[in-house]
Visitor: 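Pasting a structure here, questions to come.
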Amino acid sequence: MITWRRLTEEDFGLLRKWLTQPHVARWWHHETSAEAVARDFGAAARGEEPSEDLLVMLDGVPVALVQRCRFADYPEYGAELSAHIELPDTAVTIDYLLGDPARTGQGLGTRVIRAIIAAVWNDYPAASAVVVPVHTTNRASWRALEKAGLRRIGTAELAPDNPADDRTHYVYRVDRPAGPNSRPADPA
C-alpha cells in the first residue's frame, strides 16, 4: 500500500541519505549538508511555503520523496515553461525520487506517480492538469511518467537541476479525468 505524509524536519536525515545516492544525486544535484537540506526543505516542512514535500511509504516504509505544487504559486517557473508549451493557469506539477537504489527498476516509481496524481484531483479541486518537465536524458523518469499515463506534449529549454546537463527537457501532461473516479489509463 502506498501512503504519504508531509515531510518533517525529523525526516531530513533520511532525505540527506537519499540525496547522496548516485541514482538521485545525478538528477537532483543537491547539496547534502544538514544546513543545505534544512535551508531548502525546511520552509515546506513547516508549512511556510505553498509547495508540498511528501514522504512516500510502501507498506509503512519510507521509499520516496514527491514534491507537489501549483505553477501559479511559482510564477517564474510557470513563465519559463509556458514560453515553450501551453500551460493551464491551474496546472500542478510534481517532482519525485526513489531513495533506495534497490527499489528502482521495479515499477514503484510509476505506482507512486499514479497515486500522487490521483490525489491531485481531490487535493487540488481547481487543477485542470498535471504538467511535468523532465530532462531528456533521464529515461527512467520519463518512462515512469509514460507508464503512469502522462503523454509527452513537447520539449522545453529549461534550467537543468544538474549544471552538467543541457537545457532540453521533455514535457509531460495528464488532464483531469472526466469521471469522478477516473484515472489515467495504464498503457503498460
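In this text, all values refer to a predicted model and were calculated from it rather than measured experimentally.
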Visitor: Taking the basic N atoms (NZ, or NE/NH1/NH2) and the acidic carboxylate oxygens, is any pair closer than 4.0 Å for R26 and D165?
Guide: yes
Visitor: Side-chain contact test, heavy atoms from C-beta onward, threshold under 4.5 Å: evaluate it for S141 versus V132 and give yes or no.
Guide: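 The answer is no; the side chains never approach within 4.5 Å.
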Visitor: Spell out, yes or no, whether I113 and L54 are grouped together once hydrophobic residues are joined by side-chain heavy atoms under 4.5 Å, including indirect joins.
Guide: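 Yes; tracing contacts between hydrophobic side chains, which count when under 4.5 Å, links both residues.
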Visitor: Quick one: does any side-chain atom of H23 pair with a main-chain N or O of L98 as donor and acceptor, under 3.5 Å?
Guide: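 Yes, because the side chain of H23 sits within donor-acceptor range (under 3.5 Å) of the backbone of L98.
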Visitor: For residues A45 and E9, report the shortest heavy-atom separation together with the two atoms involved.
Guide: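 Scanning both residues completely, I find the closest heavy atoms to be CB-N, 4.2 Å.
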Visitor: Has the side chain of H84 got a donor or acceptor atom that lies under 3.5 Å from a matching backbone atom of T155?
Guide: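 Checked: no pair found.
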Visitor: Establish whether Y77 and V134 are linked, either directly or via other cluster members, by ILVMFWY side-chain heavy-atom contacts under 4.5 Å.
Guide: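 Result: no, two separate clusters.
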Visitor: Partners of D73 by side chain to side chain contact (heavy atoms under 4.5 Å, CB included), sequence neighbours excluded?
Guide: P50, R70
Visitor: Measure the CG-CD1 distance between L87 and I85 for me, rounded to the nearest 0.5 Å.
Guide: 5.0 Å
Visitor: About how many Å separate CG of D40 and OG1 of T32, when rounded to the nearest 0.5 Å?
Guide: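 One gets 11.0 Å once the value is rounded to the nearest 0.5 Å.
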Visitor: In this structure, would W28 and L14 fall into the same cluster of hydrophobic residues linked by side-chain contacts under 4.5 Å?
Guide: yes
Visitor: Quick one: ring-ring contact (aromatic ring centres under 6.0 Å, His included) partners of W27, sequence neighbours excluded?
Guide: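 Residues passing ring-ring contact (aromatic ring centres under 6.0 Å, His included) with W27: none at all.
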Visitor: Give a yes or no on whether R151 atom CZ has more than 12 heavy-atom contacts from other residues, nucleotides or ligands under 6.0 Å away.
Guide: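 For R151, atom CZ is crowded (more than 12 foreign heavy atoms under 6.0 Å).
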Visitor: Is there a path of hydrophobic side-chain contacts, each under 4.5 Å between heavy atoms, that joins W4 and F12?
Guide: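 W4 does not cluster with F12.
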Visitor: Measure the spacing between CG of D175 and CD1 of I153 and express it to the nearest 0.5 Å.
Guide: 8.5 Å
Visitor: Taking it one step at a time, do T90 and S128 satisfy side chain to side chain donor-acceptor pair (under 3.5 Å)?
Guide: CA-CA 6 Å; T90 58; S128 59; 2.7 Å; yes
Visitor: Quick check: does any side chain N or O of H169 sit under 3.5 Å from a backbone N or O of G154, one acting as donor and the other as acceptor?
Guide: no
Visitor: May I have the step-by-step check of side-chain contact (heavy atoms from CB on, under 4.5 Å) for V131 and T93, ending in yes or no?
Guide: CA-CA 5 Å; V131 178; T93 191; 5.6 Å; no
Visitor: Where do K17 and D100 land on the salt bridge (charged side-chain N to carboxylate O under 4.0 Å, His left out) test, with the steps shown first?
Guide: CA-CA 9 Å; K17 178 181 173 185; D100 182 354; over 6 Å; no
Visitor: With sequence neighbours excluded, tell me which residues meet side chain to side chain donor-acceptor pair (under 3.5 Å) with R68.
Guide: E52, D123
Visitor: Rounded to the nearest 0.5 Å, what separates atom NZ in K147 from atom CZ in R114?
Guide: 9.5 Å
Visitor: Is there side-chain contact between D11 and R5, with heavy atoms separated by less than 4.5 Å?
Guide: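 Side chain of D11 against side chain of R5, heavy atoms only: contact under 4.5 Å found.
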Visitor: Work out which heavy atom in R16 is nearest to a heavy atom in S33; give both atom names and the distance.
Guide: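 For R16 versus S33, the nearest heavy atoms are NE-C, 3.6 Å.
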Visitor: Using 30° and 60° as the class limits, which term best fits the ring planes of Y172 and W142: parallel, tilted or perpendicular?
Guide: parallel
Visitor: Taking the side chain as everything from C-beta on, heavy atoms only, tell me whether Y74 gets closer than 4.5 Å to E49.
Guide: yes
Visitor: Go through the steps for L97 and L19 under the test side-chain contact (heavy atoms from CB on, under 4.5 Å), then give the verdict.
Guide: CA-CA 9 Å; L97 65 84; L19 290 168; 4.1 Å; yes
Visitor: Kindly indicate whether the side chain of F41, heavy atoms from C-beta on, has any atom under 4.5 Å from the side chain of L65.
Guide: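 Yes, close enough: below the 4.5 Å cut-off.
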Visitor: Is it true that, when you exclude E157 itself, more than 12 heavy atoms of the residues, nucleotides or ligands shown sit nearer than 6.0 Å to its CD?
Guide: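 Counting neighbours around CD of E157, more than 12 heavy atoms of other residues, nucleotides or ligands fall under 6.0 Å, so yes.
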Visitor: Are L7 and V56 co-members of a hydrophobic cluster defined by side-chain heavy atoms under 4.5 Å apart?
Guide: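 No, separate clusters.
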Visitor: Using 0.5 Å steps for rounding, measure from the CZ atom of R167 to the CG atom of L158.
Guide: 6.5 Å
Visitor: Is any side-chain heavy atom of P62 closer than 4.5 Å to one of W18?
Guide: yes
Visitor: Which atoms form the tightest heavy-atom contact between L108 and L58, and what is the distance?
Guide: CD1-CD2, 4.2 Å
Visitor: So, D59 side chain and M1 main chain: donor-acceptor pair closer than 3.5 Å or not?
Guide: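 Checked: pair present.
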Visitor: Would you sort out whether T8 and E10 count as a side chain to side chain donor-acceptor pair (under 3.5 Å), showing the intermediate values?
Guide: CA-CA 5 Å; T8 68; E10 290 75 31; 3.1 Å; yes
Visitor: With rounding to the nearest 0.5 Å, note down the distance linking CG in N162 to OG1 in T137.
Guide: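 If we round to the nearest 0.5 Å, N162:CG and T137:OG1 are 9.0 Å apart.
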Visitor: Determine yes or no for a side-chain-to-main-chain donor-acceptor pair under 3.5 angstrom, with R6 supplying the side chain and A44 the backbone.
Guide: yes
Visitor: Counting distance only, does the side-chain N/O of T110 pair as donor-acceptor with the main-chain N or O of A148 below 3.5 Å?
Guide: no
